Protein chains: 2
Amino acid sequence: MPNNQFKKGELYSFITGKASTAIARRLQKKFNSAQLNLTIEQWSVLYHLWKEDGISQQELCNATFRDKPSITRLVDNLEKLKLVKRVASKEDRRMNMIYLTPEARKMQEASMDLAEETLNEALTGVPADQVEICKAVLQIVYDNLK
Amino acid sequence: MPNNQFKKGELYSFITGKASTAIARRLQKKFNSAQLNLTIEQWSVLYHLWKEDGISQQELCNATFRDKPSITRLVDNLEKLKLVKRVASKEDRRMNMIYLTPEARKMQEASMDLAEETLNEALTGVPADQVEICKAVLQIVYDNLK
DNA sequence: TTCGAATAGTTGTTTAACTAACTATATGCC
DNA sequence: GGCATATAGTTAGTTAAACAACTATTCGAA
């Protein structure tokens, strides 16, 4: 049952997601200024590996909401940068387990600090309770469409 | 002055914008099913031209939050699809004024209906006042980073 | 009036998303 | 055991975003 909250005139910015692209753009510039040679997409993969590495590409697909070809290419590029290694699983030879290199571990703190800084800039002037509501709405939207 | 609303553990989904990509993906599938041979990015350009055509590429850049090369290529592809025409301005020969073709005008209603339907699906179960708060927050975020 | 700066748009390069088609390995059923 | 099916990952092709470098036209100030 549609709830018809949207009129045709206001569809645009919700669909095009200009806020999140602006955040990503700002963070990318901070990475460049800090000589962190990383794209936001590569960072988003490392983000999950910093929490736990030695996971399969399929698990990275689920964590980052990307399809398999996208992860194949991101891991390709991260491997070229010597930030991760593919290791064939012994239990299931179809799987590549992805491990961080020491260089990648060194980048965690600086890049997370820049991400936190970016979000604080983005959310300046927004009351904390509205941020919470916004996060909840975006989660519901994602779940509705999954 | 940062307001430190974010802990490091919850940065991810705000930056990666998974909700808006899910919406765009859903809408793209509806376009494909309806034989509307359009990408979401092409649609986002037509969206502004339906409101007013005969505008310059620069004006399309501002309206769609894209840079000039992106609009050049989107207009290239829309021209190949015979949905728009570039017409050199008589007052300022640097400018291309972009006009819709009759075929493009025919696509307005069906595509806007699908966009509205997609948003209603996305926002099922979200109270209207929370949608308003979320829209306001995303607008502030965009303005903060602009 | 002319020359430097600003503006409008294009082209080339890299990275990435998505789809479809593909290979290789594993699983499960007969 | 052998074959159909599912799963993990790769490759190819198209579209798009971001950035830098470029051309052409216009504007503005000495």
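A, B, ... follow the sequence lines: proteins, then strands. Residue 1 opens every chain. Note that the structure is a prediction, hence the values are computed from the model and not measured.
Side-chain N/O atoms of N62(A) and Q58(A) include a donor and acceptor closer than 3.5 Å.
Residues from residues 25-36 of chain B with heavy atoms under 4.0 angstrom of DNA chain C, sorted by number: R25(B), K29(B).
In K85(A), the NZ atom is not crowded: 12 or fewer heavy atoms of neighbouring residues, nucleotides or ligands sit closer than 6.0 Å. Around the CG atom of N37(B), the shell of radius 6.0 Å holds no more than 12 heavy atoms that belong to other residues, nucleotides or ligands.
Between V137(A) and C134(B), the closest heavy-atom pair is CG1-SG, 3.9 Å. Closest heavy-atom contact between R86(B) and I98(B): CG-CD1, 3.8 Å. Smallest separation of non-hydrogen atoms from W43(B) and M112(B): CZ2-SD, 3.9 Å.
Mapped onto DNA chain D by nearest heavy atom, S70(B) and T72(A) fall at different nucleotides, with T72(A) at the one closer to the 5' end. Taking the nucleotide of DNA chain D with the nearest heavy atom to each of I71(B) and R86(A), the more 5' of the two is matched to R86(A). Take the nearest nucleotide of DNA chain C for R94(A) and for F65(A): the residue whose nucleotide is more 5' is F65(A).
Using a 4.0 Å cutoff to heavy atoms of chain A, the contacted part of DNA chain D runs 5' to 3' from dA6(D) to dC19(D).
At a threshold of 4.0 angstrom between heavy atoms, the contacts of D76(B) with the nucleic acid are absent. Among the protein residues, D67(A) comes within range of the nucleic acid bases, having at least one heavy atom under 4.0 Å from a base atom. Within 4.0 Å of R73(A), counting heavy atoms only, lies at least one base atom of the nucleic acid.
Spacing between atom CG of L74(A) and atom P of dT14(C) amounts to 17 Å, rounded to whole angstrom units. Remark: P of dA24(C) and CG of N96(A) are 15 Å apart, rounded to the nearest angstrom.
With hydrogens and angles left out, the side chain of R93(A) and the base of dT25(C) share no donor-acceptor pair within 3.5 Å.
Between T21(B) and dA17(C), a side-chain N or O to OP1/OP2 separation shorter than 4.0 Å is absent. Taking side-chain N and O atoms only, Q57(B) has no distance below 4.0 Å to OP1 or OP2 of dT7(C).
Taking the side chain as every heavy atom from C-beta outward, T118(B) and Q28(B) never approach each other to under 4.5 Å.
The existence of a salt bridge linking D67(B) and R25(A) is excluded, since no basic side-chain nitrogen approaches an acidic carboxylate oxygen closer than 4.0 Å.
One N or O on the side chain of Q42(A) and one on the backbone of T39(A) form a donor-acceptor pair closer than 3.5 Å.
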